Amino acid sequence: GESVGLHLPTLSVQEGDNSIINCAYSNSASDYFIWYKQESGKGPQFIIDIRSNMDKRQGQRVTVLLNKTVKHLSLQIAATQPGDSAVYFCAEKENTDKLIFGTGTRLQVFP
Amino acid sequence: NAGVMQNPRHLVRRRGQEARLRCSPMKGHSHVYWYRQLPEEGLKFMVYLQKENIIDESGMPKERFSAEFPKEGPSILRIQQVVRGDSAAYFCASSPKRGYNEQFFGPGTRLTVL
């Protein structure tokens, strides 16, 4: 029979509020950590990356925080908009260039 | 500047048939990556290729799966004798060089095995 995938954790926020999406990673040797956004029926889209020797990086409306002590990564989206609704994945990049993706968080923005 | 192109977008095969998935990287990109995604899950790395070379195939199943990226033409992911468990979305990504952080993803091919 068909396999049933796990339901993604979901974050629901009101338009205009800030969103925080969290991710735990496993490999301390990863060089970079990257956030991707995936809209329904589309391929992942790069949002922002952070090198392993940094703890914070800001982009346009987005901030990524890296806590290596607890192996935790977060993505903050300021003034969340309906167009931000998507599934967000964190990924670790090893020195072999392959990406190791996390399980994802679905962000739902309501008016 | 066209992005990564994949075809077909949807592919239906019966058990035992072969599936061929094609990926044309962005112009100027010579590095291609294939990932597989099951519903409600993250992407899983399969293989990393450079023109005419397989760089990392650590995520490829040992049997029935193969990939190539010839000197001319698209990269091909080939699945022989498909089984229902092969049903998934297969994404291709490309980058211009080794060590480049941003991988540009195509729209994916959704394979359904009946």
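Within every chain, numbering begins at 1; the chains are lettered A, B, ... in the order of the sequence lines, protein sequences first and strands thereafter. Worth saying up front: this structure is predicted, and the values here are computed from it rather than measured.
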K.L.:
So, B:Ser75 side chain and B:Glu68 main chain: donor-acceptor pair closer than 3.5 Å or not?
P.N.:
yes
K.L.:
Answer with side chain, backbone, both or neither: which region of A:Gln45 has an atom nearer than 4.5 Å to a non-hydrogen atom of chain B?
P.N.:
neither
K.L.:
Is there a donor-acceptor pair under 3.5 Å between the side chain of A:Glu92 and the backbone N or O of A:Ser26?
P.N.:
yes
K.L.:
Which one wins on heavy-atom pair count under 4.5 Å against chain B: A:Pro44, A:Gly43, A:Gly104, A:Ala91?
P.N.:
A:Pro44
K.L.:
Hey, is A:Arg106 close enough to B:Glu40 for a salt bridge, meaning N to O under 4.0 Å?
P.N.:
yes
K.L.:
Report, by ascending residue number, the residues of residues 103-114 of chain B in heavy-atom contact with chain A at a distance under 4.5 Å; give 'none' if the set is empty.
P.N.:
B:Gln103, B:Phe105, B:Gly106, B:Pro107, B:Arg110
K.L.:
Is there a side chain to side chain contact (heavy atoms under 4.5 Å, CB included) between A:Ile48 and A:Leu75 once you walk through the steps?
P.N.:
CA-CA 9 Å; A:Ile48 190 169; A:Leu75 178 71; 4.0 Å; yes
K.L.:
For the side chain of A:Asp97 and the backbone of B:Gly99, is there at least one donor-acceptor N/O pair under 3.5 Å apart?
P.N.:
yes
K.L.:
Which atoms of A:Ile34 come close to chain B, meaning under 4.5 Å heavy atom to heavy atom: side chain ones, backbone ones, both, or neither?
P.N.:
side chain
K.L.:
With only heavy atoms counted, which part of A:Asp49 is less than 4.5 Å from chain B, the side chain, the backbone, both or neither?
P.N.:
side chain
K.L.:
Okay, side chain of A:Asp55, backbone of A:Leu66: is any donor-acceptor separation there less than 3.5 Å?
P.N.:
no
K.L.:
Looking at every heavy atom in both B:Pro70 and B:Pro74, which two are closest together, and how far apart are they?
P.N.:
CD-O, 3.2 Å
K.L.:
Would you confirm whether B:Gln6, through its side chain, and B:Tyr90, through its main-chain N or O, come within 3.5 Å as a donor-acceptor pair?
P.N.:
yes
K.L.:
Check the pair B:Arg64, B:Val83 against side chain to side chain contact (heavy atoms under 4.5 Å, CB included), reporting the backbone distance first and the verdict last.
P.N.:
CA-CA 10 Å; B:Arg64 302 187 298 109; B:Val83 301; 3.7 Å; yes
K.L.:
May I ask you to name which of B:Asn101, B:Val47, B:Asp56 has the most heavy-atom pairs under 4.5 Å with chain A?
P.N.:
B:Asn101
K.L.:
Give the member of A:Ile100, A:Leu99, A:Thr96 that has the highest number of heavy-atom pairs under 4.5 Å with chain B.
P.N.:
A:Leu99
K.L.:
What part of B:Ser58 gets closer than 4.5 Å to chain A, counting heavy atoms only: side chain, backbone, both or neither?
P.N.:
side chain
K.L.:
Is there a donor-acceptor pair under 3.5 Å between the side chain of A:Lys71 and the backbone N or O of A:Ala24?
P.N.:
no
K.L.:
Can you tell me which portion of A:Lys98 sits under 4.5 Å from chain B's heavy atoms? Options are side chain, backbone, both or neither.
P.N.:
both
